[in-house]
J.: 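Can you keep this structure in mind? I'll have questions shortly.
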4 protein chains.
Amino acid sequence: MTTTGTESARADGEGRGRRRGGRSAALPSERREHLVRLAADLFAEKGFQATTVRDIAREAGILSGSLYHHFDSKESIVDEVLSGFFDEVLAAYRAAVDRGGDPRETIAELVRIAFGTLEPHRAAITVLQNDWAYLKGMPRFAYLTRVEQDVEKMWVDTLERGQRSGVFRADIDARLTYRMIRDTIWVAVRWYRPGGSLRPQALADHYLKVMFDGIVTHS
Amino acid sequence: MTTTGTESARADGEGRGRRRGGRSAALPSERREHLVRLAADLFAEKGFQATTVRDIAREAGILSGSLYHHFDSKESIVDEVLSGFFDEVLAAYRAAVDRGGDPRETIAELVRIAFGTLEPHRAAITVLQNDWAYLKGMPRFAYLTRVEQDVEKMWVDTLERGQRSGVFRADIDARLTYRMIRDTIWVAVRWYRPGGSLRPQALADHYLKVMFDGIVTHS
Amino acid sequence: MTTTGTESARADGEGRGRRRGGRSAALPSERREHLVRLAADLFAEKGFQATTVRDIAREAGILSGSLYHHFDSKESIVDEVLSGFFDEVLAAYRAAVDRGGDPRETIAELVRIAFGTLEPHRAAITVLQNDWAYLKGMPRFAYLTRVEQDVEKMWVDTLERGQRSGVFRADIDARLTYRMIRDTIWVAVRWYRPGGSLRPQALADHYLKVMFDGIVTHS
Amino acid sequence: MTTTGTESARADGEGRGRRRGGRSAALPSERREHLVRLAADLFAEKGFQATTVRDIAREAGILSGSLYHHFDSKESIVDEVLSGFFDEVLAAYRAAVDRGGDPRETIAELVRIAFGTLEPHRAAITVLQNDWAYLKGMPRFAYLTRVEQDVEKMWVDTLERGQRSGVFRADIDARLTYRMIRDTIWVAVRWYRPGGSLRPQALADHYLKVMFDGIVTHS
DNA sequence: GATGAATGAGTCTTCATTCAT
DNA sequence: CATGAATGAAGACTCATTCAT
């Protein structure tokens, strides 16, 4: 269990039990996970709203009504997509930060983690990019905002620690810098093509180089 | 400029249907421009698809059908929003590049122009960020892709010129770097609040500092 | 004045005065007649319902609202088209019948009159053919049914007179025969092209030949 | 037969979307056929355009949206009505013509077939009469024109064969005559009342009498 | 006479969702 | 588990008509 997802807002004490009034099982059967993956790709490709429940069903080779045996709404499908992503990235971030050590190395680690999600969570990140404005307006997805704040805190703390220890310039704004880093990384999902010549870790290295030392030559 | 825009808006000759050069937006009346601005804000706030034609009309204090006296479709409204933005930014970019001079200064200029659009074209940029995936799938908005390529060429050319002249590091990928710069700037629209303490040009300066010299201290 | 048209149902005693509550002038100005002709052609080409008031206005080079200075409704435009046709054809029929004489010659005369309307009243006849079902459902056009009955009576009377006098076969049904003749003539409007090689009177002659003597050779 | 029909109905795979031969109507279920019949009657009575999708649904006792479970558009409903008619009449015509034999008898057969459709395909013929102008303007119904030409060829060929063999007068125009016959028969749908005293075959006999031998008495 | 802006009722269509079988 | 039929609310758009200027 993690701190994200719909269930985190309720204390149902049931572990991996049933959500939303005992309707749709959260138990990840293989079938279910497969459907979530299909849906995620469609959401990423066409946007959440533009993807119909029929699109998803067709992709799965069933009728739209049958989807409701697995999920109780279209929303609960994205929810599963997004919380899956957040569960993983949050855990990895937390581990990196908790390891402590050189702030420069911690930031590098966070950057690598972020770039590392580009491939396995491509769809989730894309949805987050494109449908954020729409989703954040729904009570169900209020947790997105909460998670975002937690993440921001981790980065900003590390950056400021680096500034205090003199490894990062003091004349930059930590929060501003974090936002730029975050955006730059995840927005890459828009043009990054998995399986292309550019591996995420090569991207990370390129980015770290630029971020740490700038694009200007230093004699 | 009008290198952007699309083919059809108000196909019938009723009302203000004449188009400049037969290409892009119709003759702008004050009323029309006002409506475009209202719509742009709604599109930015809720997304293009989630914004109904009734939302726009309600905001304008008229009935939804009445909107069709001014525009022939919801699409043609976004079109006007987007091409207005592109016309302006393209012209500014072109002027900066044509002025020639030191690549570092040209890039700085481009960055300042980009940040400078954040305030007046906040809505257009937001729409572009959030609804890009949806819009680019429509034939009408094929020009978006074309314009994007033109812009990319201007930046990449300038960056490479700087690399050849030794002012920029040779070990970075110009296209990759451009994309990161572009995304970083425009994605800022997501958290940038006009009228806040951070003026766009302060942002630009901050960003230039980081981009040129990195976040690491250099003795 | 005739027995057709909207005014025939009211006794306004005003001659060519104003119809429908004194709104729209029935006075045929040249402009007005021109507009009616434009509208008639559009109605014929696309059907009454499919022709919008904007189509008509555009054809006339004005805006749709401006049409309402000439007519008080779209219906009143078709009304003018149709009653113009009926006024003329009814008068001609009546004259032919009143002339009396050989029933065979009278029928031939009626046939020629009918074919003769094909060119000048092409549009009206087309509308009648295509939109009859729709128009007859409207109280305003109840007179269409009345006129049809008057016409039928004239033909049937003449045919029966011919049967009694032995010039027409007694073993055919007069009403049935009339309907076939009528339909055959007016439905020709669907393929008859004015200005083509087939003049209406040649058509009439062809038809009379077939109708009187059949298509089978008689030794 | 299925030489008629069009391309798309129920593009999505949901529900009964498979089409016979990939061309024309979708798999007919009883429900579907019932709905088509209801719609056909309404189209005939009020015209295609004047019949709303709600009219059809109300007649079927469902909501208008539910119709889209069976058909993908209002157009595809008429399409089914019309191609059902054409499939049948074309096949019957073809069989009669292929049987060869005396041209006079073949023509008589064609006439009887045509009159025979009056009762079972009353609605389709009415729609064809009234909405032809509107429908032929739509790409989807281009096949109507093609079928019409095929039919014309069959009749004209037979008539000309009869002229060459001396059974039909040489001084009539075969195409013109065909058109008159066709129109006369099908336009009868306008006044023919099924279940009335006049059976279609009695009509056919009456018509054959007139057509073959004319209405004039021959000593 | 004409314009331009607006109305308001209505059109076809879409879609998430439900539920009996 | 899945189907097939249906719901119901909403969406974009159309169009005859009105009216102040």
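In what follows, chains are A, B, ... by sequence order, proteins preceding strands, each numbered from 1. Small disclaimer: the values here were computed from a predicted structure and weren't measured. The figures here come from the full heavy-atom set of this structure, side chains too, leaving out hydrogens, waters and symmetry mates.
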J.: Could you tell me the separation between the CZ atom of R32(B) and the C1' atom of dT3(E), rounded to a whole number of Å?
T.: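 In whole Å, dT3(E) C1' and R32(B) CZ are 17 Å from each other.
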J.: At under 4.0 Å between heavy atoms, what does S66(D) touch on the DNA or RNA strands: base, sugar-phosphate, or nothing?
T.: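 S66(D): base contact, heavy atoms under 4.0 Å.
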J.: Considering just the side-chain nitrogens and oxygens of H70(D), establish if one lies under 4.0 Å of OP1 or OP2 belonging to dG4(F).
T.: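 H70(D) to dG4(F) OP1/OP2: no side-chain N or O under 4.0 Å.
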J.: Would you kindly compare R54(B) and I62(D) by the position of their nearest DNA chain F nucleotide and give the one closer to the 5′ end?
T.: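 Nearest nucleotide further toward 5': that of I62(D).
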J.: Taking CZ from R58(A) and C1' from dG4(F), how many angstroms apart are they, rounded to a whole number?
T.: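 So the CZ-C1' distance, R58(A) to dG4(F), works out to 17 Å.
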J.: State whether Y68(A) places a side-chain N or O below 4.0 Å from either non-bridging phosphate oxygen (OP1 or OP2) of dT17(E).
T.: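 Indeed, a polar side-chain atom of Y68(A) lies that close.
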J.: Let me spell it out: for each of F48(D) and Q49(A), pick the nucleotide of DNA chain E with the closest heavy atom. Which residue's pick is nearer the 5' end?
T.: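 Whichever sits nearer the 5' end wins; that is F48(D).
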J.: Can you tell me how far CZ of F141(D) sits from CG of D79(D), rounded to the nearest 0.5 angstrom?
T.: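 Output value for this atom pair is 4.5 Å.
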J.: Of S64(D) and L67(A), whose closest DNA chain F nucleotide lies nearer the 5' terminus?
T.: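 Whichever sits nearer the 5' end wins; that is L67(A).
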J.: Please report the interatomic distance CG(L135(B)) to CG(L144(B)), rounded to the nearest 0.5 Å.
T.: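 Interatomic distance, L135(B) CG to L144(B) CG, rounded to 0.5 Å: 6.5 Å.
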J.: So, using side-chain hydrogen bond (donor to acceptor under 3.5 Å, both in side chains) as the criterion, who are the partners of E75(D) when residues are at least two apart?
T.: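 E75(D) satisfies side-chain hydrogen bond (donor to acceptor under 3.5 Å, both in side chains) with no residue once adjacent residues are dropped.
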J.: Taking any heavy-atom pair under 4.0 Å as a contact, classify L63(B): base, sugar-phosphate, or nothing.
T.: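 Here L63(B) touches the bases of the nucleic acid.
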J.: Return the CG to CG distance between L82(C) and L128(C), rounded to the nearest 0.5 Å.
T.: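 These two atoms lie 5.5 Å from each other.
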J.: Would you say the side chain of F71(D) lies within less than 4.5 Å of the side chain of L35(D), judging by non-hydrogen atoms?
T.: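 Side-chain contact under 4.5 Å: yes.
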J.: Is any side-chain heavy atom of V78(A) closer than 4.5 Å to one of D131(A)?
T.: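 A side-chain contact is absent here, since even the closest heavy-atom pair is not under 4.5 Å.
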J.: In whole angstroms, how far is the P atom of dA10(F) from the NZ atom of K74(B)?
T.: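 Taking atom P of dA10(F) as the reference, NZ of K74(B) is at 15 Å.
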J.: Looking for any heavy atom pair under 4.0 Å, which part of the strands does V53(C) touch: base, sugar-phosphate only, or nothing?
T.: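 The residue V53(C) makes base contact.
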J.: Could you tell me the separation between the CG atom of D55(A) and the C1' atom of dT17(E), rounded to a whole number of Å?
T.: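 Whole-Å distance recorded here is 16 Å.
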J.: Is R31(C) close enough to dA2(E) that one of its side-chain N or O atoms is under 4.0 Å from OP1 or OP2 there?
T.: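 Yes, R31(C) has a side-chain N/O under 4.0 Å of OP1/OP2 on dA2(E).
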J.: How close or far is atom C1' of dA12(F) from atom CG of D72(B), stated in whole angstroms?
T.: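 So the two atoms are 12 Å apart, to the nearest Å.
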J.: Check the distance between dG4(E)'s C1' and F71(B)'s CZ and give it to me in whole angstrom.
T.: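 Rounding to the nearest Å, CZ of F71(B) and C1' of dG4(E) are 14 Å apart.
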J.: Could you tell me how far apart L42(D) (CG) and dC12(E) (C1') are, to the nearest whole angstrom?
T.: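 Taking CG of L42(D) and C1' of dC12(E), I get 16 Å after rounding.
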J.: Just one of H70(D), H69(D), E80(D) clears the side-chain hydrogen bond (donor to acceptor under 3.5 Å, both in side chains) bar with R32(D), so which one?
T.: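 Answer to the side-chain hydrogen bond (donor to acceptor under 3.5 Å, both in side chains) test with R32(D) among H70(D), H69(D), E80(D): E80(D).
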J.: Please table the atom pairs, donor to acceptor, closer than 3.5 Å between any side-chain atom in residues 43-53 of chain C and protein atoms at least two apart or in another chain.
T.:
from   : atom 1 : to     : atom 2 : distance (Å)
K46(C) : NZ     : D55(C) : OD2    : 2.8
Q49(C) : OE1    : A50(D) : N      : 3.4
T51(C) : OG1    : L42(C) : O      : 3.1
T51(C) : OG1    : G47(C) : O      : 2.7
T52(C) : OG1    : R54(C) : N      : 3.2
T52(C) : OG1    : D55(C) : N      : 2.9
T52(C) : OG1    : D55(C) : OD1    : 3.4
T52(C) : OG1    : D55(C) : OD2    : 3.4

J.: Please check the phosphate of dG4(F) (OP1 and OP2 only) for any side-chain N or O of H69(D) closer than 4.0 Å.
T.: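 So the side-chain polar atoms of H69(D) never come under 4.0 Å of the phosphate oxygens OP1 or OP2 of dG4(F).
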J.: Using Watson-Crick and G-U wobble pairs whose two distances are both under 3.5 Å, how do you write the pairing of DNA chain F as dot-bracket, with | for links to another strand?
T.: .||||||||||||||||||||
J.: For DNA chain E, whose closest nucleotide is more 5', that of T51(A) or that of G61(C)?
T.: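 Closest to the 5' end, via its nearest nucleotide, is G61(C).
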J.: For I56(B) and dG11(F), give me the distance from atom CD1 to atom P, rounded to whole Å.
T.: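 Atom-to-atom, I56(B) to dG11(F), this comes out as 12 Å.
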